[in-house]
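I have placed the structure first, in the form of structure tokens, so that the comments after it can refer back to it.
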Amino acid sequence: MLNLTSDWLEKLAPEIEKDYMLSLTDFLDSESQKGKVIYPEAEERYTALNCTSFDNVKVVILGQDPYHGPDQAHGLSFSVKPGIKVPPSLVNIYKELESDLGIPVAQHGYLESWANQGVLLLNSVLTVEASKAGAHQKKGWETFTDRIVTLLNGEREGIVFLLWGSYAQKKGKMIDRSKHLVLESVHPSPLSAYRGFFGCRHFSETNTYLKQTGQAPIDWAAHL
């Protein structure tokens with residue numbers, strides 16, 4: 001059984017018995033038995049869902065796969081726990097926050113306060129092998145997270161989807177843009193941020209849309 005809160009478990013229970021999820025579980029078990037280190041820890045794989053209930057999702061920030069360094073990944077896309085060096089992509093997210101909304105750059109990378117307000121910090125792939133970026137791509141996670149996006153798209157209205165980079169933008173094809181707001185830019189990675197992420201103003205655009213649709217805006221400074 002998935003380590004999920006009741007609302008998400010109810011939505012995703014049919015996925016558990018599908019062949020792709022059984023194969024994914026077998027793969028992860030096999031990798032662990034071989035002594036390979038997998039991030040995040042098993043109990044943290046579904047942190048994004050457990051921090052942000054289905055009915056409370058206002059914003060979705062889609063990442064690619066978890067950080068692959070020691071002590072980094074904990075189940076929220078782009079986030080690291082307090083005491084861990086802020087990764088480069090998150091540094092650039094903070095720079096855009098400062099430029100867009102005047103929010104000072106935080107000295108840590110822990111984003112749970114965003115998740116608790118309704119920002120689903122979801123990676124497309126929920127596990128990775130230590131030191132091997134992308135090692136668990138195309139093992140089944142993409143299908144699982146596609147289902148999450150499909151459920152939110154179909155059963156909810158007024159969600160803002162922030163799709164940064166081509167990998168995240170692939171999931172944009174399943175979003176009804178007459179029901180939701182989709183904001184796209186290049187990835188905040190140092191390799192691409194200067195090609196359109198800086199200056200995208202996605203944080204202020206998100207809050208404008210939320211207010212226009214009768215929802216409370218996100219306090220993007222709550223992590224300070």
For Asp19, the side chain to side chain donor-acceptor pair (under 3.5 Å) test, sequence neighbours excluded, returns none

Distance, nearest 0.5 Å, that separates CD of Gln72 from CD1 of Ile84: 7.5 Å

Could you work out, with salt bridge (charged side-chain N to carboxylate O under 4.0 Å, His left out) as the rule, every residue matching Arg177, not counting sequence neighbours? Glu184

Members sharing Leu22's hydrophobic cluster (side chains within less than 4.5 Å): none

Please, which pairs that meet salt bridge (charged side-chain N to carboxylate O under 4.0 Å, His left out) have at least one residue in residues 67-81, sequence neighbours excluded? Glu44-Lys81

Return the set of residues passing side chain to side chain contact (heavy atoms under 4.5 Å, CB included) with Asp26 (not counting sequence neighbours), or none when no residue passes. none

When the side chains of residues 212-224 are checked against the rest of the protein, which donor-acceptor pairs come out under 3.5 Å, sequence neighbours left out?
{"from": "Thr213", "atom 1": "OG1", "to": "Tyr209", "atom 2": "O", "distance (Å)": "2.9"}
{"from": "Thr213", "atom 1": "OG1", "to": "Leu210", "atom 2": "O", "distance (Å)": "3.1"}
{"from": "Thr213", "atom 1": "OG1", "to": "Gln215", "atom 2": "NE2", "distance (Å)": "2.9"}
{"from": "Gln215", "atom 1": "NE2", "to": "Gly158", "atom 2": "O", "distance (Å)": "2.9"}
{"from": "Asp219", "atom 1": "OD1", "to": "Ala221", "atom 2": "N", "distance (Å)": "3.1"}
{"from": "Asp219", "atom 1": "OD1", "to": "Ala222", "atom 2": "N", "distance (Å)": "3.4"}
{"from": "Trp220", "atom 1": "NE1", "to": "Phe203", "atom 2": "O", "distance (Å)": "3.4"}
{"from": "His223", "atom 1": "ND1", "to": "Trp114", "atom 2": "NE1", "distance (Å)": "3.3"}
{"from": "His223", "atom 1": "ND1", "to": "Trp220", "atom 2": "O", "distance (Å)": "2.9"}

Walk me through whether Asn56 and Ser53 qualify under side chain to side chain donor-acceptor pair (under 3.5 Å). CA-CA 5 Å; Asn56 287 342; Ser53 68; 2.9 Å; yes

Pair listing, salt bridge (charged side-chain N to carboxylate O under 4.0 Å, His left out) test, anchored in residues 154-168, at least two apart: Lys11-Glu155

CD1 (Ile148) and CG (Leu120) are apart, to the nearest 0.5 Å, by 7.0 Å

Set of residues satisfying salt bridge (charged side-chain N to carboxylate O under 4.0 Å, His left out) with respect to Glu31, sequence neighbours excluded: Lys34, Lys36

Show which residues join Tyr39 in its hydrophobic cluster (side-chain heavy-atom contacts under 4.5 Å, direct or indirect), or state none. Val37, Val128

Determine, step by step, whether Lys171 and Thr145 satisfy the side chain to side chain donor-acceptor pair (under 3.5 Å) criterion, reporting the C-alpha distance in whole Å, the side-chain angles of both residues, the deciding distance to 0.1 Å, and the verdict. CA-CA 9 Å; Lys171 290 198 189 307; Thr145 53; 3.1 Å; yes

Who pairs with Tyr167 by side chain to side chain donor-acceptor pair (under 3.5 Å), at least two apart in sequence or on another chain? Glu142

How long is the gap from CG on Asn123 to CG on Leu76, to the nearest 0.5 Å? 9.0 Å

Output every pair passing ring pair (Phe, Tyr, Trp, His ring centres under 6.0 Å) with a member in residues 55-85, not counting sequence neighbours, ordered by first then second residue. His74-Tyr110, Phe78-Trp164, Phe78-His187

Using side-chain heavy atoms (C-beta onward) and a distance below 4.5 Å, is Lys58 in contact with Gln117? no

Applying salt bridge (charged side-chain N to carboxylate O under 4.0 Å, His left out) as the test, list every pair that has at least one member in residues 189-204; sequence neighbours left out. Asp100-Arg201

Pick from Leu24, Val125, Thr127: which one makes a side chain to side chain contact (heavy atoms under 4.5 Å, CB included) with Lys139? Leu24

